[in-house]
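Note that this is a predicted model, so its numbers are computed, not measured.
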Amino acid sequence: MVFDAHRHLGVLPAYPFYGGPAINPDIKARATIAELVADLDAEGTERALVIPNYGVPGPGVAFGFNELCVEAAQTDDRIRAALWVSPLPTDQQRTERALALAGEPGVRALKLSFLLGGRANDPACRPVLDRIFSVARERELVVHVHTSPGAASDIDEVGNLVEWYGDQVAVHLVHFGGGMSGHIKLAGSRFFDWIEAGKRVYTDLSWAIGFAPRWLAEEVSRRGIGHDRILFASDEPWGDREGEYARMRAATADGELSGMVFRENFEKLYG
């Protein structure tokens with residue numbers, strides 16, 4: 001059995017990325033719950049955390065998929081939902097409407113990304129972040145945070161959320177830092193330092209550079225901690241489920257760590 005801790009639902013409008021023509025690069029994006037369930041069946045994915053699709057400028061698109069994700073979780077018991085929220089003061093009303101859904105059956109996470117604006121250390125964003133994490137604490141929800149190298153999603157920025165809120169709220173750092181600098185900072189010490197400090201920090205290795213999964217697995221074995229903090233994630237339709245599965249299976253072999261990464265940690269965090 002495989003449990004997927006990160007995939008998306010909803011079809012985005014075409015957009016002229018990087019000055020090119022309007023395109024839809026996420027070719028496996030799904031518009032309906034039936035299409036999503038068919039994918040889960042075809043893959044053999046037993047459980048999944050489903051997140052609003054995003055990536056085009058304008059967070060209103062992602063907000064618009066919140067109800068669809070909640071409906072998916074209430075349609076099929078294999079599915080858990082994450083709600084899109086925004087740290088931007090200009091999105092505060094939409095974030096409040098999203099947070100009003102936090103008590104709906106099947107909702108297990110709040111999805112936060114700085115790709116569409118804001119920074120963790122921007123004083124203007126702090127009141128909204130405080131509100132988001134307050135609701136997560138009250139509802140026992142995970143905050144699912146995008147990471148990537150450089151700019152507002154760099155682990156030096158996003159790591160502030162672990163420092164500020166990780167004592168009381170589970171923070172899932174998506175993409176394990178997202179690139180070389182993030183991988184080295186996290187696997188080299190920071191991920192394990194947070195665990196030893198009692199922070200409720202989790203991660204997945206979707207989009208990770210090739211060496212990162214096996215290095216992290218070796219560090220977990222060497223240090224004797226962290227085995228309960230790593231989850232499998234496909235990031236479909238932006239990721240590659242088959243490739244992600246193969247890399248994590250190779251890194252974890254068929255031992256205890258494999259069972260925890262592919263099933264048990266999801267069950268404990270999102271089940």
Side-chain angles (χ1 to χ4, degrees), residues 6 8-20 22-26 29 31 49-71 81-104 107-139 141-166 168-175 178 182 235 237-238:
H6 176 191
H8 298 279
L9 180 59
V11 173
L12 301 174
Y15 184 78
F17 294 96
Y18 308 114
I23 56 171
N24 292 97
D26 54 336
L49 179 73
V50 175
I51 300 163
N53 200 5
Y54 74 102
V56 299
V61 176
F63 277 112
F65 296 135
N66 275 338
E67 288 82 0
L68 179 62
C69 289
V70 172
E71 183 183 353
L83 301 170
W84 178 267
V85 294
S86 168
L88 295 172
T90 51
D91 287 330
Q92 189 164 4
Q93 289 186 347
R94 286 187 287 199
T95 292
E96 287 295 336
R97 288 195 292 270
L99 294 175
L101 299 171
E104 287 289 320
V107 174
R108 294 300 303 131
L110 305 175
K111 175 68 178 189
L112 180 65
S113 175
F114 296 95
L115 288 181
L116 303 185
R119 302 182 76 97
N121 66 359
D122 182 348
C125 292
R126 189 62 185 270
V128 186
L129 288 171
D130 286 346
R131 171 67 175 151
I132 291 167
F133 278 88
S134 175
V135 171
R137 183 182 66 252
E138 292 167 3
R139 294 286 186 181
L141 303 178
V142 180
V143 177
H144 202 269
V145 186
H146 175 91
T147 68
S148 59
S153 290
D154 188 83
I155 198 63
D156 289 340
E157 282 274 349
V158 175
N160 286 316
L161 303 180
V162 180
E163 295 286 353
W164 298 336
Y165 306 109
Q168 297 182 313
V169 177
V171 182
H172 178 159
L173 298 175
V174 176
H175 306 318
D235 196 20
W238 297 101

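Using a 4.5 Å heavy-atom cutoff, the side chains of Val128 and Leu88 are not in contact. Between Cys69 and Ile51, every side-chain heavy-atom pair lies at or beyond the 4.5 Å cut-off. Put simply, the side chain of Ser148 reaches to within 4.5 Å of the side chain of His146, judged on heavy atoms. Counting only heavy atoms from C-beta outward, the side chains of His6 and Val174 approach each other to under 4.5 Å. Between Glu96 and Arg131 there is a side-chain heavy-atom pair separated by less than 4.5 Å. For the pair Val61 and Pro13, the minimum side-chain heavy-atom distance is below 4.5 Å. Within the 4.5 Å cutoff, side-chain heavy atoms of Phe133 are placed close to those of Leu112. Between Leu173 and Val162 there is a side-chain heavy-atom pair separated by less than 4.5 Å.
Here OG of Ser86 is found 12.5 Å from CG of Leu110. Values are rounded to the nearest 0.5 Å. Of the inter-residue distances, the one linking Ile155 atom CD1 with His175 atom NE2 reads 12.0 Å to the nearest 0.5 angstrom. Put simply, CG on Leu83 and CG on Asn66 are 5.0 Å apart, with the number rounded to the nearest 0.5 Å. Annotation: the span from Asn160 atom CG to Arg119 atom CZ amounts to 10.0 Å, rounded to 0.5 Å. Note that CH2 of Trp164 is 7.0 Å distant from CG of Leu129, once rounded to the nearest 0.5 Å. Atoms CG and CH2, from Leu101 and Trp84 in turn, are 15.5 Å apart once rounded to the nearest 0.5 Å.
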Please walk me through it: do Ser153 and Leu115 pass side chain to side chain contact (heavy atoms under 4.5 Å, CB included)? CA-CA 7 Å; Ser153 290; Leu115 288 181; 3.9 Å; yes

Applying side chain to side chain contact (heavy atoms under 4.5 Å, CB included), run through Leu141 and Arg108 and close with a yes or a no. CA-CA 5 Å; Leu141 303 178; Arg108 294 300 303 131; 3.8 Å; yes

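With sequence neighbours excluded, no residue forms a side-chain hydrogen bond (donor to acceptor under 3.5 Å, both in side chains) with Asp122. The salt bridge (charged side-chain N to carboxylate O under 4.0 Å, His left out) test applied to Asp235 returns no partner, not counting sequence neighbours. Applying the salt bridge (charged side-chain N to carboxylate O under 4.0 Å, His left out) test to Arg97 and every residue at least two apart in sequence or in another chain returns nothing. A search for ring pair (Phe, Tyr, Trp, His ring centres under 6.0 Å) contacts involving His172 returns His144, not counting sequence neighbours. By the ring pair (Phe, Tyr, Trp, His ring centres under 6.0 Å) test, Tyr15 is found to be paired with Phe17, residues two or more places apart in sequence or in another chain being considered. The salt bridge (charged side-chain N to carboxylate O under 4.0 Å, His left out) test applied to Arg139 returns no partner, not counting sequence neighbours.
Taking every heavy atom of both residues into account, Pro52 and Ala82 meet most closely at CD-O, 3.1 Å. Closest approach of Pro87 and Gly117 over heavy atoms only: CG-O, 3.9 Å. Looking at every heavy atom in both residues, Gly10 comes nearest to Ala29 through O-CB, 3.8 Å. Nearest heavy-atom pair across Glu157 and Ala151 is CG-O, 3.8 Å. Contact between Ala136 and Val169 at its shortest, heavy atoms only, is CB-CG1, 3.9 Å. Across all non-hydrogen atoms, the minimal contact from Leu12 to Asn24 is O-ND2, 2.9 Å.
The aromatic ring centroids of His8 and Phe65 lie 6.0 Å or more from each other.
Side-chain contact of Asn53 with Trp238: a donor-acceptor pair under 3.5 Å is present, judged by distance alone. Between Glu138 and Ser134, the side chains place a donor N or O and an acceptor N or O closer than 3.5 Å (distance only, hydrogens not considered).
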